[in-house]
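Chain identifiers are assigned alphabetically (A, B, ...) following the order of the sequence lines, protein sequences preceding nucleic acid strands; residue numbering begins at 1 within each chain. All figures in this text were calculated on a predicted structure; none of them were measured in a lab.
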Number of protein chains: 2
Amino acid sequence: MSKAADHAYAEIRSLILSGDAPPGAPLTEEALADICGVSRTPVREALRRLESELYVVRSDSQRLFVADWSRDDLAEMFTLRAMLEAHAAARAAVRIDPAGMEAIAACNARIASAVAGPTPEVGAFLSENRRFHEIVIAAAASPRLASMLAALVEQPVVRRTAARYGKDELSRSVHEHGELIKAFAARDPEWARAVMTGHIRRAFHAFSAAAPLSV
Amino acid sequence: MSKAADHAYAEIRSLILSGDAPPGAPLTEEALADICGVSRTPVREALRRLESELYVVRSDSQRLFVADWSRDDLAEMFTLRAMLEAHAAARAAVRIDPAGMEAIAACNARIASAVAGPTPEVGAFLSENRRFHEIVIAAAASPRLASMLAALVEQPVVRRTAARYGKDELSRSVHEHGELIKAFAARDPEWARAVMTGHIRRAFHAFSAAAPLSV
DNA sequence: GCTGAAACTATTGTATACAAATATGGGTGG
DNA sequence: CCACCCATATTTGTATACAATAGTTTCAGC
């Protein structure tokens, strides 16, 4: 997407995730166009995308509302992500090339150093962690999988902007990433799948514990 | 989507699947608008949808082309479908209600009768088979899963419009559907998952054997 | 006071015009 | 003869105007 449509997408998503547009709130194209400072056309494209990612839902007759995710929805999102990303890891294990191996190892080293100090740099952790998973998905070389995961990856994470990760959890992540790299080095798809499954599901339970009722 | 956009979607997809727009062919919005008899606006929406379903791909700078699916792409599509639809079956096994059970049993009965005669009614089989899988997905009660599968289910099937199913394969399907219904009755998610995995993967190999080189 | 229909308002869908960006072709200099 | 650059044409992106449709209010009649 291009500038205006992309901007509208980011702005509307931020309205939703920040809570300014609470679950169930109606969204009209014109109001959003005013807020974003663009015309309805790019807003419509942004809304289509948000709809396909289930940030917004469409009523019986084409009116849009902010989606309301139940606890079950979140659990299902994590389950799907675990399944798909584990599959990506299995594919990546037999497809990743030396450059990819180098990149992923370097990435995990940066994550480790972000976590190393007495006060972990959460921002750096999050962005590098994201990069790590992107490398795995890229190495899986399945555009379809990539497009499915794109709609899925960020959603639950973004909500807890507070990001109260404990330091032990962060270093556990680093360790699990290291295991995944070992599975890649061994070119063992099932090992990679198992590591990734555990990695995501542990993140899910950490998430559930951190956000017990609010979401 | 509404009338014009929906019509454009159907028309463009048909162009692609019929081969009138072969893999790699460039698609310009204006030409498609002329063909469909609508303006560019609904064509753009249709193209976004086709892009998200990977019928078309976007070049480095926003030009669209008919996608070219390799054998690996098709294999990956079936793998993903097997994984996701097996997951849907597992969820459905513990969620389906009596009305759903009745509907799915009736549906499989209709499939069986379409296959029963000396010359199977392929058209009826296809539409009822589609309905069968829709019931499973609906019973899974996961909008996210449903939207992912929607983009995945039809694609390989539609290509082989010839539909040279052997009669034994058709009745094998009926039998596997029956197994799935039994797994549902037992409310056994893992049984349902295993049955559905086998069902889709068998379909994949039948498909590969029937379309060995052309796709 | 309640029900229903009709007028009205709000919102989405489509078409068109224009702006921005990108590819293409021809010409020029090396 | 090839490489590069600029002018032109094509294509996509955005804004706006208008049409169609869904929702809301008001008022008549019971």
Side-chain angles (χ1 to χ4, degrees), chain A residues 1-16 20-68 143 146-147 150-151, chain B residues 1-16 20-68 143 146-147 150-151:
Chain A
M1 280 195 202
S2 59
K3 218 177 45 180
D6 229 341
H7 171 247
Y9 171 82
E11 187 119 356
I12 296 168
R13 199 182 71 152
S14 141
L15 282 177
I16 295 172
D20 287 350
L27 298 171
T28 69
E29 295 172 357
E30 200 164 354
L32 294 170
D34 284 352
I35 292 172
C36 302
V38 298
S39 84
R40 276 179 53 209
T41 310
V43 167
R44 282 174 68 86
E45 290 199 359
L47 286 172
R48 290 276 180 207
R49 188 166 153 202
L50 290 163
E51 185 192 359
S52 82
E53 296 170 0
L54 298 187
Y55 282 101
V56 305
V57 295
R58 200 172 280 270
S59 81
D60 56 341
S61 222
Q62 305 305 94
R63 279 169 167 70
L64 289 169
F65 302 85
V66 178
D68 189 6
S147 81
Chain B
M1 280 194 200
S2 60
K3 220 177 45 183
D6 230 341
H7 172 246
Y9 171 83
E11 187 120 357
I12 296 167
R13 199 182 72 153
S14 141
L15 282 177
I16 294 172
D20 288 350
L27 298 171
T28 69
E29 295 174 357
E30 199 163 354
L32 293 171
D34 284 351
I35 292 171
C36 300
V38 298
S39 84
R40 274 178 55 210
T41 311
V43 168
R44 282 175 68 85
E45 290 198 0
L47 287 172
R48 291 275 179 207
R49 189 167 153 200
L50 290 163
E51 184 192 0
S52 82
E53 295 171 1
L54 299 187
Y55 282 101
V56 305
V57 294
R58 200 171 278 271
S59 80
D60 55 342
S61 221
Q62 306 305 92
R63 278 168 169 70
L64 289 169
F65 301 86
V66 178
D68 189 7
S147 81

Say you draw a straight line from CG of A/Leu27 to CD1 of A/Ile16; how long is it, rounded to the nearest 0.5 Å? 6.0 Å

Contacts of A/Glu30 meeting side chain to side chain donor-acceptor pair (under 3.5 Å) (sequence neighbours excluded), chain-then-number -> none

B/Glu29 side-chain proximity, nearest of C/dA23, C/dG13, D/dG13: D/dG13

Just do the salt bridge (charged side-chain N to carboxylate O under 4.0 Å, His left out) check on B/Arg49 and B/Glu53 with the steps written out, would you? CA-CA 6 Å; B/Arg49 189 167 153 200; B/Glu53 295 171 1; 3.7 Å; yes

Separation of D/dG13 atom P from B/Leu47 atom CG, nearest Å, is 10 Å

Heavy-atom nearest nucleotide on DNA chain D for B/Glu30 versus A/Asp60: which residue maps closer to 5'? B/Glu30

To the nearest Å, give me how far apart CD (B/Glu51) and P (D/dT12) are. 12 Å

Gap between atoms CG and C1', on A/Leu64 and C/dT11 respectively (whole Å): 11 Å

In short, the helix from C/dG1-D/dC30 to C/dG30-D/dC1 is bent end to end, axes from five pairs each side, to 10°, by 10°

Short side-chain N/O contact to C/dT11 OP1/OP2 from A/Gln62, under 4.0 Å: no

At what distance, to the nearest 0.5 angstrom, does CZ of B/Arg44 lie from CD of B/Glu51? 10.5 Å

What does B/Leu27 touch in the nucleic acid at a heavy-atom separation under 4.0 angstrom: a base, only the sugar-phosphate, or nothing? sugar-phosphate

CZ on A/Arg63 to CZ on A/Arg58, rounded to 0.5 Å: 11.0 Å

Rounded to whole angstroms, how far apart are CG on B/Asp34 and C1' on D/dT10? 14 Å

Starting at CG of A/Leu47, measure out to OG of A/Ser52 and round the result to the nearest 0.5 Å. 11.0 Å

Results of side-chain contact (heavy atoms from CB on, under 4.5 Å) for B/Asp20 - residues two or more places apart only: B/Leu15, B/Ser18

Provide a list of protein-nucleic acid N or O atom pairs under 3.5 angstrom, restricted to nucleotides 14-16 of chain C.
residue : atom : partner : partner atom : Å
C/dT14  : OP1  : B/Ser2  : OG           : 2.8
C/dT14  : OP1  : B/Ala4  : N            : 2.8
C/dT14  : OP2  : B/Ser2  : OG           : 3.0
C/dA15  : OP2  : B/Ser39 : N            : 2.6
C/dA15  : OP2  : B/Ser39 : OG           : 3.0
C/dA15  : N7   : B/Thr41 : OG1          : 2.9

Residues two or more places apart in sequence or in another chain: which of them pass side-chain contact (heavy atoms from CB on, under 4.5 Å) with B/Val57? B/Phe65, B/Ala67

In chain order, what residues pass the side chain to side chain donor-acceptor pair (under 3.5 Å) check against B/Arg40, with sequence neighbours excluded? B/Glu29

